[in-house]
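All chains are named by letter (A, B, ...) in the order of the sequence lines, taking the proteins before the strands, and each is independently numbered beginning at 1. The analysis underlying the following values was restricted to heavy atoms, covering all of them including side chains, and did not include hydrogens, waters or symmetry mates. Fair warning: this is a prediction, and the values are worked out from it, not measured in the lab.
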Amino acid sequence: MNTQYKKGVLELCVMSILKRRDCYGYEISEYLSKHIDIADGTVYPILRKLKSDGLVTTYLSEDSGGPPRKYYSLTALGFETYEADKKEYLNFAKIVETLLEDEDYDKK
Amino acid sequence: MTKSEFLLQLKNELKKNNISDLDDVLNEYEQHFAFKLADGFSEEEIAAKLGNPSELASQFIPDTSQKKYGGRKTVTIIGMIFANIFTGAFFLMLFIFAAVMGVVTVTSGVIGICLIGGYNIYNLIPGMPYLCAIIYAVSLLSFAILSAAACLYFVVFTRQLMRSYKRFHINVMAASAGKATLPSLPVYPLLSAKFKRRLRMLALSSLTVFAVTLVLGYIISAILAGNLEFWHVWGWFVK
């Protein structure tokens with residue numbers, strides 16, 4: 001699939017995970033690569049882009065005694081953007097689906 | 001590829017692409033290795049699944065698609081200054097209108113209370129039987145409530161309009177500087193359905209009471225004065 005296109009969709013997926021709860025990078029990477037066939041390392045550039053766009057923030061947290069982990073958290077702007085983009089994407093996907101399912105309607 | 005080979009390659013590629021905060025990026029990948037190693041994967045397996053370092057590094061390059069507007073920044077600023085002068089005047093007008101509505105609300109409320117209480121400061125209120133005064137007082141008070149509801153909605157509406165314009169302003173400036181823009185805000189206020197329902201109920205009921213008492217007041221005044229133009233009988237508008 002076109003990487004540029006995939007990137008936009010992956011951003012949306014990452015935001016949907018962060019909407020539920022704050023996560024550290026590895027969690028998101030694991031979760032996504034379980035469902036989507038992408039290289040494990042792709043998530044980190046996405047997280048960084050989301051951060052520089054102000055859609056997520058990070059904070060360090062030391063749970064379970066290990067080294068501090070960098071948690072990602074969706075900002076208010078992130079929530080807003082996520083809801084808007086999600087609606088847009090789902091609409092778009094619906095239209096594409098109709099078009100693709102209907103590809104042979106000329107033959108009818 | 002081992003962990004250190006992977007990280008070194010990634011570091012060099014990131015440097016080549018002028019990515020800032022190298023350590024921050026590398027730290028994430030180091031942590032990824034740490035987690036995967038703890039799960040029993042070998043360094044080679046992990047590196048292979050992470051992907052090609054130079055490909056990954058190129059994904060850290062910020063999008064440049066929006067940067068082409070960069071040269072128009074000065075033009076945009078001048079344009080926005082003019083736009084701000086006009087919208088400033090427009091908002092000033094809205095503020096004045098809100099203030100007038102507020103004054104109307106307070107005035108009709110005060111006159112209503114004066115009519116009920118029988119206070120007549122400086123003889124400003126024309127004389128009439130107390131029964132009519134009561135009816136007109138109810139009429140004025142319900143008008144005050146109607147006006148207050150309208151004023152409240154108007155203020156909320158103006159506030160949202162200003163916020164929306166502010167967001168638009170920020171976005172125009174951001175786009176001209178080649179920075180990411182924020183989603184635009186709706187022009188109409190986002191009120192809860194409950195609040196809207198209550199406001200509408202309040203406005204409708206006060207409007208009804210106002211209309212009914214106004215007509216009732218006229219009828220009763222006309223009957224008591226024995227004349228359809230009762231104000232002549234009671235000597236209103238005559239100095």
Side-chain angles (χ1 to χ4, degrees), chain A residues 3-8 10-11 14-15 23-34 36-56 58-62 64 66-72 75-88, chain B residues 1 3 6-7 9-10 13-14 17 19-39 41 43 45-66 163-164 167 170-171 174 178-186 190:
Chain A
T3 47
Q4 203 57 39
Y5 183 74
K6 212 170 173 179
K7 208 172 156 191
L10 285 176
E11 271 174 36
V14 169
M15 284 198 278
C23 294
Y24 46 93
Y26 178 72
E27 271 183 295
I28 301 166
S29 148
E30 275 297 272
Y31 187 83
L32 273 192
S33 52
K34 214 184 287 171
I36 308 174
D37 182 31
I38 47 161
D40 283 358
T42 338
V43 172
Y44 301 109
I46 290 168
L47 284 170
R48 193 181 162 92
K49 182 182 180 287
L50 290 177
K51 193 182 174 184
S52 74
D53 286 353
L55 303 181
V56 304
T58 56
Y59 60 90
L60 289 175
S61 169
E62 295 177 64
S64 68
R69 281 173 190 164
K70 190 159 92 176
Y71 275 83
Y72 290 85
T75 62
L77 177 62
F79 271 104
E80 217 174 284
T81 311
Y82 170 68
E83 292 301 338
D85 288 2
K86 177 184 165 188
K87 210 184 264 173
E88 198 175 311
Chain B
M1 212 185 314
K3 176 183 164 183
F6 179 91
L7 291 176
Q9 251 192 57
L10 185 64
E13 293 290 338
L14 288 172
N17 290 327
I19 306 296
S20 58
D21 291 326
L22 277 185
D23 292 331
D24 203 43
V25 175
L26 292 171
N27 213 352
E28 289 278 20
Y29 286 94
E30 241 169 277
Q31 289 227 349
H32 190 98
F33 270 103
F35 278 115
K36 283 275 178 192
L37 285 169
D39 281 347
F41 290 94
E43 291 191 1
E45 278 176 297
I46 302 167
K49 280 209 76 184
L50 271 174
N52 181 341
S54 71
E55 217 168 273
L56 286 176
S58 70
Q59 288 173 22
F60 279 96
I61 303 170
D63 283 341
T64 46
S65 50
Q66 285 171 327
R163 289 176 61 203
S164 173
R167 175 63 65 88
I170 291 172
N171 276 347
K179 286 187 203 128
T181 54
L182 311 173
S184 57
L185 288 174
L190 301 167

Atom CG of B:D39: over 12 foreign heavy atoms under 6.0 Å: yes

Using 30° and 60° as the class boundaries, would you call the ring planes of A:Y24 and B:F35 parallel, tilted or perpendicular? parallel

Counting only heavy atoms closer than 4.5 Å, note whether B:S184 contacts chain A via side chain, backbone, both or neither. neither

Heavy-atom cut-off 4.5 Å, strictly under: side chain, backbone, both or neither for B:L185 against chain A? side chain

Could you check whether any side-chain N or O of A:Y44 sits under 3.5 Å from a backbone N or O of B:Y29, counting only pairs where one atom can act as donor and the other as acceptor? no

Are any of the side-chain heavy atoms of B:N27 and A:K70 separated by less than 4.5 Å? no

Which bit of B:D21 is near chain A, if near means a heavy-atom gap under 4.5 Å: side chain, backbone, both or neither? both

Heavy-atom distance under 4.5 Å to chain B: side chain of A:T42, backbone, both or neither? both

Given side chains that start at C-beta, do those of B:I61 and A:P45 come closer than 4.5 Å, heavy atoms only? no

Is there a side-chain contact between A:R48 and B:F60 (heavy atoms, below 4.5 Å)? yes

Enumerate donor-acceptor pairs with a distance under 3.5 Å from any side-chain N or O in residues 50-59 of chain B to protein atoms, sequence neighbours excluded.
| from | atom 1 | to | atom 2 | distance (Å) |
| --- | --- | --- | --- | --- |
| B:N52 | OD1 | B:S54 | N | 3.0 |
| B:N52 | OD1 | B:S54 | OG | 3.3 |
| B:S58 | OG | B:E55 | O | 2.6 |

Does some side-chain heavy atom of B:E28 sit less than 4.5 Å from a side-chain heavy atom of A:V43? no

With the side chain counted from C-beta on, respond yes when A:E80 and B:L182 share a heavy-atom pair under 4.5 Å apart, and no when they do not. no

